[in-house]
Each structure stands twice: as structure tokens, then as C-alpha cells.
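All remarks here apply to the structure that follows.
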Amino acid sequence: MGPVINCAIYEGGLKIRDLDINNPEDMKVQPGRVIWIGLHEPSQELLADLQREFHLHELAIEDAYKAHQRPKLEIYGETLFVAMKTFQRVGEDFAMGETCMFVGRGYVITVRHGASRSYAAVRARCESSPNMLRQGEDFILYALMDFIVDNYFPAVDELEERTDELEESMFNLIDDRDELAEISTVRRELTELRHAVAPLPDICQRLLRFDVPVIDPHSHPYFRDVYDHCVILLDRIEQLREGVKTVVETKMLLASRRQNEVMRMLAAWAAMLAVPTAIAGIYGMNFNFMPELTWRYGYFVVLAVIAVICGLLYWRFKKAGWL
């Protein structure tokens with residue numbers, strides 16, 4: 001897959017044709033038209049060409065190329081630069097990606113890095129709603145943000161199921177090492193997801209301001225919808241983080257309880273073993289004059305005394321729940 005995914009020109013809410021990103025005539029911004037360019041991990045040279053063509057800020061181009069930004073909204077003159085994190089399953093684990101969007105009058109440029117779903121569904125959604133697409137670049141930005149945010153929900157649902165499974169398995173006799181590894185993985189993924197979602201409500205609120213370029217007031221209800229979804233996500237993530245924290249605390253309490261039970265059991269056996277050890281130690285002192293040394297039944301009496309005392313101790317510890 002090359003760096004250029006899709007490039008098209010839209011006018012009046014309808015797709016006119018695909019464009020050639022290497023043709024300067026196709027790349028010219030015209031009133032009433034919107035150029036939508038989709039890129040995937042482009043080269044620095046390609047981004048430099050787009051910078052010259054659309055007069056993009058060099059700092060935004062640098063951020064789009066390196067793709068190690070926290071979610072943010074930057075305003076460079078009449079151009080918006082929006083960076084968002086994507087979060088999806090790759091193999092056994094979730095992986096983070098990043099999408100950077102340049103939005104200006106007459107153009108929208110998306111730059112994807114890492115793990116992320118194709119935005120072909122977003123493009124198809126916009127093309128199937130020409131009345132909405134007619135609104136321009138701000139509707140495309142809304143559709144992209146809404147798509148990214150909506151794809152967080154399946155990840156949260158899966159993490160919620162895994163957290164419920166961890167809560168149900170707390171009292172099961174399973175391998176603690178595997179369970180602790182799963183808890184650690186869920187906590188890490190929740191932290192990454194929270195870092196991706198937490199800045200988004202502020203971004204949406206900034207887009208609702210009337211002094212932001214490109215964004216027309218008629219698009220505000222759509223960005224408020226994205227804002228509501230982000231707030232819901234944050235609430236669910238915080239609840240899951242609390243649930244995982246509860247699982248960890250409960251596991252620690254159960255581990256401490258099991259350790260105390262083992263210590264009581266060891267103490268009980270040690271007490272019972274101390275009786276024959278003490279008696280044997282006394283008769284091992286090798287003094288010439290000791291009671292019962294010359295008694296015919298002394299050896300058997302001592303064994304009987306040891307057995308009786310150990311039996312009484314075992315009964316008492318068993319009754320106390322130590323054994």
C-alpha cells in the first residue's frame with residue numbers, strides 16, 4: 001500500500017473525479033470545491049510538496065511526519081491542524097495509531113500512522129450524504145472525528161468484558177501469574193486509551209468557538225455530539241480503571257489471606273514437631289543418672305506420651321482452623 005490512499009475533488013456535495021496528486025493543476029484550490037487527500041505514512045518529501053501547495057505551517061508538517069503527538073488542535077492562520085489517536089486490536093493486543101488532519105478552505109488532508117482502520121467508510125458515508133457534504137470541510141472533519149471516536153467503543157466494550165472476567169475469576173484457583181499479567185495488560189491498555197480520549201472534549205469545545213476558522217456555526221451541533229461521545233467514553237474508562245484497581249486490591253487481600261493460612265499451618269506443624277524434638281533432646285543429653293533410663297517400658301511410655309501430646313495438639317489446631 002502506497003502513501004497516497006485516495007484523492008478526490010468534491011463540488012456541491014458530489015464527487016467530481018479523482019485527482020492526480022502530482023498534477024499541479026488538479027491541486028489548485030477553487031471556490032466551491034473541496035479537495036480531500038488521504039495519506040498513509042507519507043514521506044517527508046511528499047509532505048513538503050503539500051506544504052508548498054497548500055501553504056501549510058512547517059511545525060504542523062513536522063508533527064504530521066513524526067506522528068508522536070498527543071491529541072490536540074492547533075490553528076495556523078486559516079488552517080486547522082487536528083491530531084488524534086487511533087486504538088484498535090492488532091493480533092493479541094491493542095495498538096495505538098495516529099491520524100493528523102489539515103483542514104482549510106477548499107481542502108482536507110488526512111495523514112495516518114500506525115494501527116488504524118481505513119477511512120474508506122468515512123468517505124463512503126460522506127459521499128452518500130451529499131446534502132451534508134455540501135456543507136464543506138467542517139463536515140468532513142466532523143465525520144473523521146466521529147469515526148475515530150466511535151471506534152473507541154468496541155475497544156472499551158472488550159476491555160469491559162475482560163475486566164468482568166477478572167472480577168469473576170478472583171476467587172478461582174487459577175495461576176496467579178497469568179492473571180496478574182492479564183491485569184497488567186488491561187491497566188496499560190486503559191491508560192493508553194485514556195490518554196487518547198482525555199484531550200478530545202477540550203478539542204471539541206474549542207471547535208465550538210466562533211473565532212475558529214473553517215468551522216461554520218451550522219456544524220456546532222455535530223461537534224457537540226462528538227463531545228458527548230467523548231464524555232461517555234471517559235466515564236466508562238474511569239469506571240473500568242476503578243474496577244481494575246478493585247481487582248488488584250482484592251487479589252492482594254486474597255494473597256495475604258492465603259499467606260496467613262499457610263503460615264498458621266506451618267506454625268501448627270512446627271508446634272507438633274517441637275514436642276518429640278524437645279523430648280528426644282532431653283533424653284539425648286547422656287547423663288548417667290536420668291529417670292526411666294533403666295526402666296523396661298520407659299521407651300514405649302515416652303513414645304506414647306509424644307503421640308498423645310501431638311494428637312491433642314493436632315485436634316486443637318484442627319478445631320481452631322489452622323489445619
Side-chain angles (χ1 to χ4, degrees), residues 4-39 42 46-65 69 71-84 99-112 119 122-148 200 203-227:
V4 181
I5 304 301
N6 203 337
C7 300
I9 301 177
Y10 298 87
E11 184 174 354
L14 299 175
K15 179 180 178 180
I16 300 177
R17 59 183 172 84
D18 293 330
L19 60 84
D20 183 4
I21 198 173
N22 297 314
N23 187 350
E25 293 298 325
D26 283 354
M27 300 295 286
K28 288 183 178 180
V29 175
Q30 300 179 20
R33 289 187 175 185
V34 177
I35 298 174
W36 187 353
I37 301 174
L39 306 176
L46 178 56
L47 289 176
D49 293 339
L50 294 176
Q51 177 186 3
R52 289 190 296 270
E53 189 66 40
F54 296 100
H55 308 289
L56 306 177
H57 199 280
E58 60 181 7
L59 294 179
I61 290 294
E62 181 181 356
D63 291 343
Y65 176 70
Q69 305 299 315
K72 66 177 182 178
L73 166 64
E74 298 287 351
I75 301 176
Y76 297 99
E78 293 298 315
T79 301
L80 298 180
F81 176 75
V82 181
M84 296 180 65
T99 296
C100 299
M101 292 165 276
F102 298 89
V103 183
R105 288 299 178 187
Y107 63 89
V108 175
I109 303 172
T110 60
V111 182
R112 292 192 292 127
Y119 294 151
V122 183
R123 194 179 292 268
R125 172 189 174 188
C126 293
E127 292 176 356
S128 64
S129 305
N131 292 332
M132 303 300 297
L133 185 57
R134 189 179 293 114
Q135 297 178 11
E137 308 83 1
D138 47 1
F139 177 74
I140 297 176
L141 175 61
Y142 152 74
L144 290 167
M145 294 180 63
D146 185 61
F147 181 79
I148 294 174
L200 297 184
I203 293 175
C204 293
Q205 287 183 330
R206 286 193 64 191
L207 290 172
L208 296 175
R209 294 170 54 179
F210 289 92
D211 59 342
V212 177
V214 184
I215 306 300
D216 293 330
H218 65 259
S219 298
H220 287 179
Y222 300 103
F223 290 106
R224 278 197 295 269
D225 180 67
V226 177
Y227 171 84

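Every value quoted in this text rests on a predicted model; they were computed, and no experiment measured them. Values below: all heavy atoms of this structure, side chains included; hydrogens, waters and symmetry mates excluded.
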* Would you check if the side chain of Asp216 reaches a backbone N or O of His218 as a donor-acceptor pair within less than 3.5 Å? => no
* Structure fact -> Exactly one candidate in Ile61, Leu141, Leu50 meets side-chain contact (heavy atoms from CB on, under 4.5 Å) with Phe102; the answer is Ile61
* Check whether any side-chain N or O of Asp146 sits under 3.5 Å from a backbone N or O of Val226 as a donor-acceptor pair, and report yes or no. => no
* Is there a side-chain contact between Met101 and Val108, using heavy atoms and a 4.5 Å cut-off? -> no
* For the pair Leu19 and Met27, evaluate side chain to side chain contact (heavy atoms under 4.5 Å, CB included) and give the outcome as yes or no after the intermediate values. => CA-CA 8 Å; Leu19 60 84; Met27 300 295 286; 3.7 Å; yes
* Min side-chain heavy-atom separation Tyr76-Leu59 under 4.5 Å -> yes
* Asked: How far apart are the C-alpha atoms of Leu14 and Arg134, what are their side-chain angles, what is the distance that settles it, and do they pass the side chain to side chain contact (heavy atoms under 4.5 Å, CB included) test?
  -> CA-CA 8 Å; Leu14 299 175; Arg134 189 179 293 114; 5.9 Å; no
* Minimum-distance pair of heavy atoms, taken over all atoms of Glu53 and Pro24 -> OE2-O, 4.1 Å
* Do the non-hydrogen side-chain atoms of Leu39 and Arg112 ever get within less than 4.5 Å of each other? -> no
* Where the side chain of Asp26 meets the backbone of Asp20, is there a donor-acceptor pair that is under 3.5 Å apart? -> yes
* To do: State whether the number of non-hydrogen atoms from other residues, nucleotides or ligands found under 6.0 Å of Gln205 atom CD is greater than 12.
  => yes
* Asked: How about Glu127 and Tyr10: does a side-chain donor come under 3.5 Å of a side-chain acceptor?
  -> yes
* Taking C-beta and beyond as the side chain, do Tyr119 and Thr99 meet within less than 4.5 Å on heavy atoms? -> yes
* Residues Glu78 and Arg105 bridged, charged N to O under 4.0 Å -> no
* Among Asn6, Val122, Ile109, Ile9, side-chain contact (heavy atoms from CB on, under 4.5 Å) partner for Trp36 -> Val122
* Rounded distance (nearest 0.5 Å) linking atom OH of Tyr227 with atom CZ of Arg224 -> 11.5 Å
* Structure fact -> Distance col, row Cys204:SG vs Met145:CE, nearest 0.5 angstrom, shows 4.0 Å
* To do: If the plane angle is over 60° it's perpendicular, under 30° parallel, otherwise tilted; pick one for Phe54 and Tyr107.
  => tilted
* To do: Can you see which heavy atom on Glu137 is nearest to which on Gly104, and at what distance?
  => CG-O, 3.2 Å
* Kindly indicate, with the supporting measurements, whether the criterion side chain to side chain contact (heavy atoms under 4.5 Å, CB included) is fulfilled by Glu11 and Gln30. => CA-CA 10 Å; Glu11 184 174 354; Gln30 300 179 20; over 6 Å; no
* Asked: Rounded to the nearest 0.5 Å, how far apart are CZ of Arg125 and CG of Leu144?
  -> 9.5 Å
* Asked: Counting distance only, does the side-chain N/O of Ser219 pair as donor-acceptor with the main-chain N or O of Ile215 below 3.5 Å?
  -> no
* Structure fact -> Correct closest heavy-atom pair for His57 and Gln51 would be C-NE2, 4.2 Å
* **Note: Asp211-Arg206 ion pair, threshold 4.0 Å (strictly below)** => no
* Of all the heavy-atom pairs spanning Gly136 and Val34, show the shortest one and how long it is. => CA-CG2, 4.4 Å
* Asked: Are Val111 and Leu47 side-chain neighbours, meaning at least one heavy-atom pair lies under 4.5 Å?
  -> yes
* Structure fact -> When rounded to the nearest 0.5 Å, the distance separating OH of Tyr142 from CZ of Phe147 is 13.0 Å
* If we only count heavy atoms from C-beta on, is the Phe81 to Asp63 side-chain gap below 4.5 Å? -> yes
* With a 4.5 Å limit on heavy-atom distance, are the side chains of Ile75 and Leu80 in contact? -> yes
* Is there a donor-acceptor pair closer than 3.5 Å between any side-chain N or O of Ser129 and the backbone N or O of Cys126? -> no
* State, yes or no, whether a side-chain contact exists between Leu207 and Leu73 at a heavy-atom distance under 4.5 Å. => yes
* **Distance-minimising heavy-atom pair for Asp138 and Gln135** => OD1-O, 3.4 Å
* Asked: Between Ala83 and Ile203, what is the shortest heavy-atom contact and its length?
  -> O-CD1, 4.4 Å
* Asked: Going through the checks in order, is the side chain to side chain contact (heavy atoms under 4.5 Å, CB included) test met by Ile37 and Thr110?
  -> CA-CA 6 Å; Ile37 301 174; Thr110 60; over 6 Å; no
